[in-house]
Amino acid sequence: FLSGRTALITGSTSGIGEGVAKALASRGANIVFNGFGDENEIKKLVDNVQKDYSVQTTFIGGDLTKEKDVQALYDNALSKFPGGIDILVNNAGFQNVSPLENFPLDVFNKMVAVMLTAPFHLTKLCVGNMKQKGWGRIINIASVHGHVASPNKTAYVAIKHGIIGFTKAVAIETAGTGVTCTAMCPGYVETPLFIKQAEDIAKKIGGTYDDGKKQILRVHPTGEPVKVDEVSECVAFLCSQAASQMTGSSLIVDGGWVSH
Ligand code: NAD
């Protein structure tokens with residue numbers, strides 16, 4: 001049902017973004033990949049998705065902390081797909097765990113740049129064309145941390161609450177135009193972002209990776225992590241006709257975390 005649409009997914013070389021790219025390609029969307037990683041691995045991923053799902057794909061790198069890279073990402077995406085971006089998934093992100101007193105200001109600023117400024121900038125660039133076409137989907141990969149807080153994650157929690165506010169504001173501005181803006185709020189998903197935290201905890205408690213993982217997952221009443229495709233399938237749903245009236249809202253997939 002997304003045949004002929006083009007999706008730009010930031011941070012799609014790994015984890016949730018990669019899963020979203022495949023889920024949208026499997027529905028027929030052309031994909032603009034972005035993110036860091038090994039050049040050969042990225043080429044393999046981008047070529048395989050093109051082949052497996054018979055869609056057009058391209059990779060446009062760039063560091064989303066840099067304003068000119070964000071602009072270049074959009075400009076190069078448009079050169080490849082002159083029809084414009086129909087689906088924007090603001091997914092790129094990273095975590096830094098540290099007590100507030102020791103939290104480096106430059107890391108805070110980088111996190112804001114990737115998870116708040118870049119989504120603002122890309123949405124600003126994409127939304128005009130979506131409105132003109134009368135159809136568009138802006139999906140922000142927020143987090144359960146857009147609704148609840150955890151210790152030593154001040155930057156992440158503030159930014160994820162911020163992106164939920166941004167989602168609501170964009171939804172109000174685009175209401176009635178055929179464009180929707182929604183937030184996905186996963187609990188813990190076992191991607192490299194999660195694995196690093198589990199490893200750090202394992203080191204701290206002198207246990208195994210599984211001990212670290214178990215400790216993190218205490219906040220999930222299910223005791224299990226969310227799987228990448230349990231997030232990416234929801235993103236595909238948000239792109240469907242059935243989700244046309246879902247705008248400004250958050251879709252929470254969290255193993256029961258916020259209900260606890
Ligand atoms: P991941 O580390 O697997 O992927 C992150 C992606 O972002 C990678 O492709 C990476 O290259 C890219 N990226 C990071 N900094 C970048 C930059 N400066 N410029 C360009 N690309 C950059 O992590 P993930 O778990 O898949 O995270 C994806 C999103 O999901 C993030 O916004 C994260 O906050 C959110 N999220 C993750 C979890 C989780 O438990 N894994 C839970 C809730 C929300």
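Ligands are counted one by one from 1 in listed order, and the atoms in each one are counted from 1 as well. Just so you know, residue 1 is the first one in the sequence shown, and it goes up from there. Below, each value reflects all heavy atoms present in this structure, side chains not excepted, and no hydrogens, waters or symmetry copies.
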| request: Work out whether the distance between some heavy atom of Lys160 and some atom of ligand 1 is less than 4.0 Å. | output: yes

| query | Closer than 4.0 angstrom: is that true for some heavy atom of Gly19 and an atom of ligand 1? | reply | no

| Counting N and O atoms only, with roles assigned by atom type, does the side chain of Asn129 sit under 3.5 Å from a partner on the main chain of Gly83, one being a donor and the other an acceptor? | yes

| query | Is there a heavy atom of Pro192 sitting under 4.0 angstrom from any atom of ligand 1? | reply | yes

| field | Non-hydrogen side-chain atoms of Thr182 and Leu251 separated by less than 4.5 Å | value | no

| request: Heavy atoms only: give me the nearest Ser244-Thr180 pair and the separation to one decimal. | output: O-CG2, 3.3 Å

| request: Using a strict 4.0 Å cut-off to heavy atoms of Tyr188, name the atoms of ligand 1 that fall inside it. | output: 40 (O)

| So do Thr57 and Asn30 actually touch side chain to side chain, heavy atoms under 4.5 Å? | no

| request: Please determine if Leu64 has a nitrogen or oxygen closer than 3.5 Å to a nitrogen or oxygen of ligand 1. | output: yes

| query | Going by the atom numbers of ligand 1, which of them fall below 4.0 Å from some non-hydrogen atom of Val114? | reply | 18 (N)

| said: Please list the nearest protein heavy atom to atom 14 (C) of ligand 1 with its residue and the distance rounded to 0.1 Å. | reply: Gly93 O, 3.7 Å

| field | atom 33 (C) of ligand 1: nearest protein contact (heavy atom, Å) | value | Tyr156 OH, 3.4 Å

| message | What I'd like to find out is whether the side chain of Phe59 reaches to under 4.5 Å of the side chain of Thr13, using heavy atoms alone. | response | yes

| request: Report, in ascending order of atom number, the atoms of ligand 1 lying under 4.0 Å from any heavy atom of Gly15. | output: 3 (O), 26 (O)

| Tell me: protein heavy atom nearest atom 2 (O) of ligand 1, and distance? | Leu193 N, 3.7 Å

| request: Could you tell me if any non-hydrogen atom of Ala118 lies under 4.0 Å from any atom of ligand 1? | output: no

| note | The closest protein heavy-atom partner of atom 16 (C) of ligand 1 is Phe36 CE1, 3.4 Å

| request: Please collect all salt bridge (Lys or Arg N to Asp or Glu O under 4.0 Å) contacts where either partner lies in residues 127-155, sequence neighbours excluded, each pair once. | output: Asp86-Lys133

| field | Summary of salt bridge (Lys or Arg N to Asp or Glu O under 4.0 Å) pairs that have at least one residue in residues 251-260, sequence neighbours excluded | value | none

| query | Are the side chain of Lys160 and the backbone of Ile141 linked by a donor-acceptor contact shorter than 3.5 Å? | reply | yes

| request: Note the single closest protein heavy atom to atom 18 (N) of ligand 1, along with its residue, its atom name and the distance in Å. | output: Asp63 OD1, 3.0 Å

| query | Under the 3.5 angstrom rule, does the side chain of Asp38 hit a backbone N or O of Glu41 as a donor-acceptor pair? | reply | yes

| Would you say Pro225 touches ligand 1, if touching means a heavy atom closer than 4.0 Å? | no

| Should Lys43 and Glu39 count as an ion pair when the cut-off is N to O under 4.0 Å? | no

| task | Identify the heavy atoms of Thr208 and Ala202 that sit nearest to each other, and give their distance. | result | O-CB, 3.2 Å

| request: Consider only side-chain heavy atoms of I, L, V, M, F, W and Y, link residues closer than 4.5 Å, and tell whether Ile60 and Leu45 are in one cluster. | output: no

| request: Please identify which atoms of ligand 1 are closer than 4.0 Å to at least one heavy atom of Ser14. | output: 1 (P), 3 (O), 4 (O), 8 (C), 9 (O)

| Looking only at protein heavy atoms, which one is nearest to atom 31 (C) of ligand 1, and how far off is it? | Asn91 O, 3.1 Å

| query | Short list, please: which atoms of ligand 1 are under 4.0 Å from a heavy atom of Gly35? | reply | 11 (O), 21 (N)

| So between Gly11, Cys185, Gly17, Gly62, whose heavy atom ends up nearest atom 7 (O) of ligand 1? | Gly11

| remark: atom 13 (N) of ligand 1 has as its nearest protein heavy atom Ala92 CB, 3.9 Å

| Under 3.5 Å, N or O to N or O, is Met115 touching ligand 1 that way? | no

| query | Would you call Ile9 and Ile31 a side-chain contact if the rule is heavy atoms closer than 4.5 Å? | reply | yes

| Protein contact of atom 43 (C) of ligand 1 - nearest heavy atom, named by residue and atom, plus distance | Pro186 O, 3.3 Å

